[in-house]
2 protein chains.
Amino acid sequence: MTILRNPAGIPDATVARLPLYLRALDELAQQGKGVCSSEHLAAAAGVNSAIVRKDLSHLGSYGTRGVGYDVAFLASQIATVVGRTQPWEVVIVGAGHLGSALAAYQGFGARGVKVAAVVDADPRLIGTTVGGHVVRSIDELADVVEQTGVSLAIIATPPASAQGVADALVAAGIRSILNFAPTALRLPDDVDLRQVDVAAELQILGYHAHRRAAASSDAPAGEAVTS
Amino acid sequence: MTILRNPAGIPDATVARLPLYLRALDELAQQGKGVCSSEHLAAAAGVNSAIVRKDLSHLGSYGTRGVGYDVAFLASQIATVVGRTQPWEVVIVGAGHLGSALAAYQGFGARGVKVAAVVDADPRLIGTTVGGHVVRSIDELADVVEQTGVSLAIIATPPASAQGVADALVAAGIRSILNFAPTALRLPDDVDLRQVDVAAELQILGYHAHRRAAASSDAPAGEAVTS
DNA sequence: AAGAGCTTGGGAACCCGTTCACAAAATCGC
DNA sequence: GCGATTTTGTGAACGGGTTCCCAAGCTCTT
Ligand SMILES: NC(=O)c1ccc[n+]([C@@H]2O[C@H](COP(=O)([O-])OP(=O)(O)OC[C@H]3O[C@@H](n4cnc5c(N)ncnc54)[C@H](O)[C@@H]3O)[C@@H](O)[C@H]2O)c1
Ligand SMILES: NC(=O)c1ccc[n+]([C@@H]2O[C@H](COP(=O)([O-])OP(=O)(O)OC[C@H]3O[C@@H](n4cnc5c(N)ncnc54)[C@H](O)[C@@H]3O)[C@@H](O)[C@H]2O)c1
């Protein structure tokens with residue numbers, strides 16, 4: 001009999017939540033909890049319990065009915081699925097305000113991420129140390145990638161440089177990029193891109209704030225207009 | 001005749017993309033483009049054109065068939081919808097690595113965001129200047145919020161402090177929070193929360209990288225196993 | 001004025017994700 | 001043991017979002 005070996009059968013929405021479960025489980029473990037229910041885990045991760053059970057069912061049946069999930073075991077299972085069995089090494093491109101904050105960030109270790117290198121184009125920054133990492137030249141990017149064996153990259157350069165940096169990263173063999181520059185990058189299909197746009201997040205919040213304000217002053221309820 | 005005045009009829013997914021269109025339109029305007037097609041706008045925003053047209057149709061019929069959209073006019077329409085007619089003022093809580101990077105960020109202005117205040121709990125930081133803002137005490141938060149009239153807040157404190165900060169923000173009247181601390185916040189229903197978790201983003205990228213690696217070494221294609 | 005060529009707006013189908021609801025399985029108290 | 005209680009795992013219903021597709025409407029050429 002043939003089984004379709006499809007660990008990719010995990011839906012994107014679920015994959016996006018696995019890191020939250022992992023963080024929540026680490027917290028629960030630290031609190032000394034040996035087992036937890038989907039309800040507990042849901043509260044710790046900030047989602048609802050039905051979705052926790054549905055998500056976990058995509059990985060296998062690791063729970064015990066009437067009891068819940070073994071915290072340590074479940075954490076190790078999720079860690080295996082997301083590939084957090086050994087730290088993901090990442091290169092940070094751009095050692096400015098944001099890049100150096102990221103380079104100095106102490107929270108990555110516990111989440112299975114390790115900053116392996118920091119590069120920049122500014123000659124005044126090259127050779128200096130940020131967050132314990134000596135800044136290297138962007139011109140050496142290919143060497144840096146090869147030497148450190150990083151597979152993930154963070155772009156923290158101005159938007160104008162981002163596309164060029166992305167192209168250089170791809171040329172150096174990187175296939176996973178987290179971009180903080182507020183610009184749309186054009187990349188080959190086999191490159192995985194995620195975007196963080198802080199200003200956009202604030203504008204989304206602004207939209208809802210705006211709506212709230214309009215609703216409460218304009219028309220407390222109903223909101224019908226005659227014309 | 002009664003029209004249902006329902007500017008809230010805009011789906012969440014669309015709202016989340018409006019800031020991207022706004023940014024893309026600003027870029028196109030700067031390039032001297034007076035009109036653009038949904039195809040152009042889609043490319044500039046990094047989405048597909050069908051969804052651009054669908055999204056824009058939720059705001060009204062601002063395009064011209066056979067021609068496209070007037071860049072300046074469309075930008076002003078979207079700006080009105082998202083409430084970017086005047087800058088959104090934001091308070092940053094936590095003047096550490098990340099908080100000071102955000103406080104110094106020059107890119108907010110063009111996106112309709114203005115940092116109005118920075119607060120921290122560390123006595124050594126209070127009174128110092130980060131990004132042109134004098135750091136004030138978290139104890140004065142209520143005053144700061146009242147004086148500056150901010151309506152948005154960014155949490156950039158360690159996870160352990162985040163819930164306390166969030167509670168204080170809500171008590172001070174803030175209803176929109178962007179949280180960078182990797183922790184689930186428990187907040188009243190009428191408070192709007194968005195979360196940025198950099199480590200989680202990297203883990204999501206890691207999952208796919210992991211998959212790619214497994215697929216290329218394990219089984220180049222097909223991926224069926226006999227048992 | 002009419003036809004060719006573009007591009008929007010939106011109906012409809014489709015797909016994915018969330019929520020609901022409950023049987024199955026485990027533990028606990030007696 | 002056995003019924004009460006807890007909690008998982010999952011089918012089914014639901015709802016939203018995306019994609020497909022094309023008629024309608026605009027410009028330009030002839
Ligand atoms: N600072 C923030 O809090 C913040 C917030 C939101 C978004 N961003 C975005 O993040 C990015 C970085 O912001 P920042 O405030 O750190 O900017 P910054 O100007 O402080 O730093 C940018 C760094 O990138 C380097 N750089 C420029 N071109 C380069 C290239 N081709 N190769 C390598 N390095 C190059 C510069 O030398 C500089 O050190 C920007 O795109 C910005 O829009 C920053
Ligand atoms: N630095 C990064 O690049 C980065 C990346 C991802 C996530 N984060 C998260 O962002 C948050 C901030 O990170 P950071 O690196 O800037 O940390 P940091 O330690 O450099 O700064 C935290 C600041 O918060 C202040 N603070 C602590 N408790 C407070 C309170 N109750 N009220 C007001 N201020 C308080 C501290 O005095 C300190 O100045 C953390 O939750 C971190 O996990 C940071």
Side-chain angles (χ1 to χ4, degrees), chain A residues 6 8-21 24-25 28 33-75 77-78 81 189 204 207-208, chain B residues 4 6-21 24-25 28 33-75 77-78 81 184 189 195 204 207-208:
Chain A
N6 186 9
I10 304 178
D12 287 347
T14 296
V15 170
R17 281 185 297 263
L18 292 180
L20 306 186
Y21 301 149
L25 287 166
L28 292 172
K33 293 248 195 303
V35 293
C36 72
S37 65
S38 58
E39 204 82 46
H40 268 106
L41 184 50
V47 299
N48 88 41
S49 64
I51 218 150
V52 168
R53 291 199 299 278
K54 182 71 83 181
D55 283 344
L56 297 183
S57 76
H58 289 294
L59 314 186
S61 293
Y62 300 133
T64 309
R65 297 175 188 215
V67 180
Y69 302 89
D70 183 286
V71 171
F73 179 72
L74 183 57
Q77 289 299 319
I78 298 180
V81 170
D189 286 345
I204 295 167
Y207 168 82
H208 292 294
Chain B
L4 206 56
N6 188 10
I10 303 178
D12 286 347
T14 296
V15 170
R17 280 185 297 262
L18 293 180
L20 306 186
Y21 300 150
L25 288 166
L28 292 172
K33 292 248 194 305
V35 293
C36 71
S37 67
S38 59
E39 204 80 46
H40 268 105
L41 184 50
V47 298
N48 87 41
S49 63
I51 218 150
V52 168
R53 291 197 299 278
K54 183 71 83 181
D55 282 344
L56 297 183
S57 76
H58 289 294
L59 315 185
S61 293
Y62 299 134
T64 309
R65 296 174 188 213
V67 180
Y69 302 90
D70 183 285
V71 172
F73 180 71
L74 183 58
Q77 289 299 320
I78 298 180
V81 170
D189 285 345
Q195 193 86 25
I204 295 167
Y207 168 81
H208 293 293

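By convention in this document, chain letters (A, B, ...) are assigned in the order of the sequence lines, proteins followed by strands, and residues within each chain are numbered from 1.
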Nearest-nucleotide check on DNA chain C, A/Arg17 vs B/Gly66; residue mapping nearer the 5' end is B/Gly66
With a cut-off of less than 4.0 Å, is there a side-chain N or O of A/Ser38 near OP1 or OP2 of D/dT7?
no
Here the pair of heavy atoms bringing A/Leu41 nearest to A/Cys36 is CB-SG, 4.2 Å
Inter-residue atom distance B/Ser57.OG - B/Tyr62.OH, 0.5 Å rounding
11.5 Å
Side-chain heavy-atom pair B/Asp55, B/Val47 within 4.5 angstrom cut-off
no
So, using salt bridge (charged side-chain N to carboxylate O under 4.0 Å, His left out) as the criterion, who are the partners of A/Arg53 when residues are at least two apart?
none
Rounded distance (Å) that lies between atom P of C/dT18 and atom CG of B/Asp12
13 Å
Nearest non-hydrogen partners of B/Val81 and A/Tyr207, listed with the distance:
O-CD1, 3.4 Å
In whole angstrom, give the distance that lies between atom CD1 of A/Ile10 and atom P of C/dC16.
16 Å
So, with a heavy-atom separation below 4.0 Å from DNA chain C, the residues of residues 53-65 of chain A are A/Arg53, A/Lys54, A/Thr64, A/Arg65
Whole angstrom is fine here: how far is it from CD in A/Glu39 over to P in C/dC20?
12 Å
To check you understand the geometry: which heavy-atom pair defines the closest contact between B/Ile78 and B/Leu56, and what is its length?
CD1-CD2, 4.1 Å
Taking 4.0 Å as the cut-off, does a side-chain nitrogen or oxygen of B/Tyr69 come that near to OP1 or OP2 on D/dC26?
no
Within residues 40-51 of chain B, find the residues that approach DNA chain C with a heavy atom at under 4.0 Å, and present them sorted by residue number.
none
Nucleotide D/dT8, atom P - distance to CD of A/Gln77 in whole Å:
17 Å
Quick one: NZ on A/Lys33 to CG on A/Asp70, what's the gap to the nearest 0.5 Å?
14.0 Å
Do you know the tightest heavy-atom contact between B/His208 and A/Asp12?
CE1-OD1, 4.2 Å
